[in-house]
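Accompanying notes for the structure given below.
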Protein chains: 2
Amino acid sequence: MKISLREKRRRQTALDIQRATLDLAREYGFDQVTTDAIAERAGVSTRTFFNYYTNKEAASVGHPLGLPEEAKRAFEAGNRLLSEDLRNLMAAHLEQIEDMQDIMQDMIRLARDHDRVKRLLDQFLAGLVEELKASLALRMPDAPDDLRRVLADWVLTGLGHAITDWVGSDHMSLQAAFKREWEVQSRVAEILLESRDG
Amino acid sequence: MKISLREKRRRQTALDIQRATLDLAREYGFDQVTTDAIAERAGVSTRTFFNYYTNKEAASVGHPLGLPEEAKRAFEAGNRLLSEDLRNLMAAHLEQIEDMQDIMQDMIRLARDHDRVKRLLDQFLAGLVEELKASLALRMPDAPDDLRRVLADWVLTGLGHAITDWVGSDHMSLQAAFKREWEVQSRVAEILLESRDG
DNA sequence: GGCATCCATTGCATAGTCTGCAATTATTGC
DNA sequence: GCAATAATTGCAGACTATGCAATGGATGCC
C-alpha cells in the first residue's frame, strides 16, 4: 500500500511517455523522433518530458522494475534449498514483467540498433545483479564474495536469455522461457561437476 | 487547438472516472457501488471524484459531447438543401460518438433501470435539441419558432433511436443506423404530405 | 570560418490540480 | 429514533505541469 495515488499517476505518465517513445521510434526510426514529438504523442509538455527522463534513450528504457521487495525479503529469510528459493524469487520477478511483452519487444529491438539504449539496458541489468548480490549477502553471509557474485551473474544471465527468447516468440510464456533456461544452466552445472569429479 | 494539455488530461480523467463507474455498476449493480469504490478504481481520491462529478449518476453519464462547433457553424452558414445540410451536421456529430459504443451501451443499459440516470440522459438530449434549435434559428431566421422546434425534435428523436439501435447490435455502424432512421422518418413525412394533398 | 537553424536541455515562476482531513448532511437498516 | 454507512463539501497545503526564455550543441549551407 505504499504507492500513493500520486505515485501511481506518476508511474502511469512515465509509462505513457515510454510507450510514446517506443511507438514513434518504431514508426519513424529512433533518430527521427524529437523530444517534442514524444511529448506531444504522450500528451504532456516538452518540459514535463524532461521532468521524467533526461533524454530519449532513458525514455525508451523507462523505469524498469527491480526485484519485488516482498519476494526479496522472503528470499533473504528463506530456509529451504537455495536453488529453490532462488527460483521463487525469480518467479516473482518474472510475474511483474509478464504483462509488458510489447514494451519489452520494442525496447530490445531498439537496443539492437542503438548503443546508447543498449548501454542503458545493460546498466539496468547490472543493477539487478547488484540487487541480487545484496540479497544473497543476507541469505548466505558466510559464503565468499566471489561465489555470490558468480551466482548472481549466473541467474541474471539466465534471466536475460529468457527474456530474449520470450519476446522473440509469442507462444511461450516468460515463466516457461526462464524454466527452460534454468534447466540448460543446470545441465551445464552438472557437466562442470562431472569434470571436477573425473 | 483550443484544448490545452491540461484540458486534455482533465477529459481523460473524467472519462476514467466514468469508465470506472460504469464498470463497477455492471459488476456489482449501481446501488452497491460507493463513490469511494469508484474513486479507487479510477485511481483518484474520493475528493477528486467530487471535483469532477456531483454524484454517481453524473459520473455514469459523464460529460457527453455536444454538436461539434465547426460543423455547427458550417451548418448555420450553409446554403444547400436544408435536409442535406442537416444530414451533414448530424453526420459530424455521429462521428464523434462512433468510437464510444461500449460506454454508450453501459450508459443506456443503466438508464433503463435507474430513473435518475435516465433523467440525466434525457436532460442531455434536451440540451442537444436546444443547441440544434439555436443553430436552426441562425440558418432559417424567418421560419416560425414552432417549425424549428418540431424540426429539431424530429431530428434528435431520430438520433436517439439510431443510438439505441446501434448499441443494441454490434454489426451496424452508428452512421448506418442513423441513415436507416432518417429514411423511416422521411417515409412518414411523405405519408403526411399525401394525406394533406388528398 | 561564420551564420542560421533545429533540437536538446535546463531554470524559474506560476497556474493549476490532487489530496488528506475534518466537518456536515443524507440514507438506511434495525 | 439510533447507530452505522455513505455522500458531500470546504479548506489549506503538497505536488505537478506548463510556458517561457536562455543556453549550448550539431548540422548544413554560403
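- Residues of residues 33-45 of chain A that place a heavy atom closer than 4.0 Å to DNA chain D, in numerical order, are A/V44, A/S45.
- Counted within 6.0 Å of CD on A/E40, heavy atoms from surrounding residues, nucleotides or ligands total 12 or fewer; the atom is thus considered open.
- Applying the salt bridge (Lys or Arg N to Asp or Glu O under 4.0 Å) test to every pair with at least one member in residues 44-66 of chain A, sequence neighbours left out, gives these pairs: A/E57-A/R116.
- Partner of B/L22 under the side chain to side chain contact (heavy atoms under 4.5 Å, CB included) criterion, chosen from B/I38, B/V61, B/I103: B/I103.
- When rounded to the nearest whole Å, the span between CG of A/L5 and C1' of C/dG20 equals 11 Å.
- Nearest heavy atoms, A/F49 versus A/A39: CB-CB, 4.3 Å.
- No more than 12 heavy atoms of other residues, nucleotides or ligands lie within 6.0 Å of CD in A/E70, so this atom counts as exposed by the packing criterion.
- Residues A/Q175 and A/K179 are not in side-chain contact: their nearest non-hydrogen atoms beyond the backbone lie 4.5 Å or more apart.
- Side-chain rings of A/Y52 and A/H63 stay apart, their centers remaining 6.0 Å or farther from each other.
- In the 5' to 3' direction, nucleotides of DNA chain D lying under 4.0 Å from heavy atoms of chain A begin and end at D/dA14 to D/dC20.
- Legend: residues meeting ring pair (Phe, Tyr, Trp, His ring centres under 6.0 Å) with A/F75, ordered by chain and number and at least two apart, are absent.
- A search for ring pair (Phe, Tyr, Trp, His ring centres under 6.0 Å) contacts involving A/F178 returns A/W182, not counting sequence neighbours.
- Across all their heavy atoms, B/Q185 and B/T157 have their closest contact at NE2-C, 4.4 Å.
- Among residue pairs with one or both ends in residues 157-169 of chain B, those qualifying as salt bridge (Lys or Arg N to Asp or Glu O under 4.0 Å) are B/D165-B/R180; sequence neighbours excluded.
- Five base pairs at each end of the helix from C/dG1-D/dC30 to C/dC30-D/dG1 define two local axes, and these are offset by 40° (rounded to 10°).
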- Can you check each nucleotide of nucleotides 10-17 of chain C against protein heavy atoms at under 4.0 Å and return B for base, S for sugar-phosphate only, - for none, in 5' to 3' order? BBB--BSS
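- Taking atom OH on A/Y28 and atom C1' on C/dC7, their separation rounds to 18 Å, with Å as the unit.
- By the salt bridge (Lys or Arg N to Asp or Glu O under 4.0 Å) test, A/K8 is found to be paired with no residue, residues two or more places apart in sequence or in another chain being considered.
- Evaluation of the side-chain hydrogen bond (donor to acceptor under 3.5 Å, both in side chains) rule for B/D16 yields B/Q12 as partners, not counting sequence neighbours.
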- Each nucleotide of nucleotides 23-30 of chain C classed B (base within 4.0 Å of a protein heavy atom), S (only sugar-phosphate) or -, in 5' to 3' order, makes --------
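- B/N51 comes within 4.0 angstrom of a base, heavy atoms only.
- Ionic pairing of A/E76 and A/K72 is not present here: no N-O contact between side-chain nitrogen and carboxylate oxygen is shorter than 4.0 angstrom.
- In this view, B/E27 and B/R41 satisfy the salt bridge (Lys or Arg N to Asp or Glu O under 4.0 Å) rule, not counting sequence neighbours.
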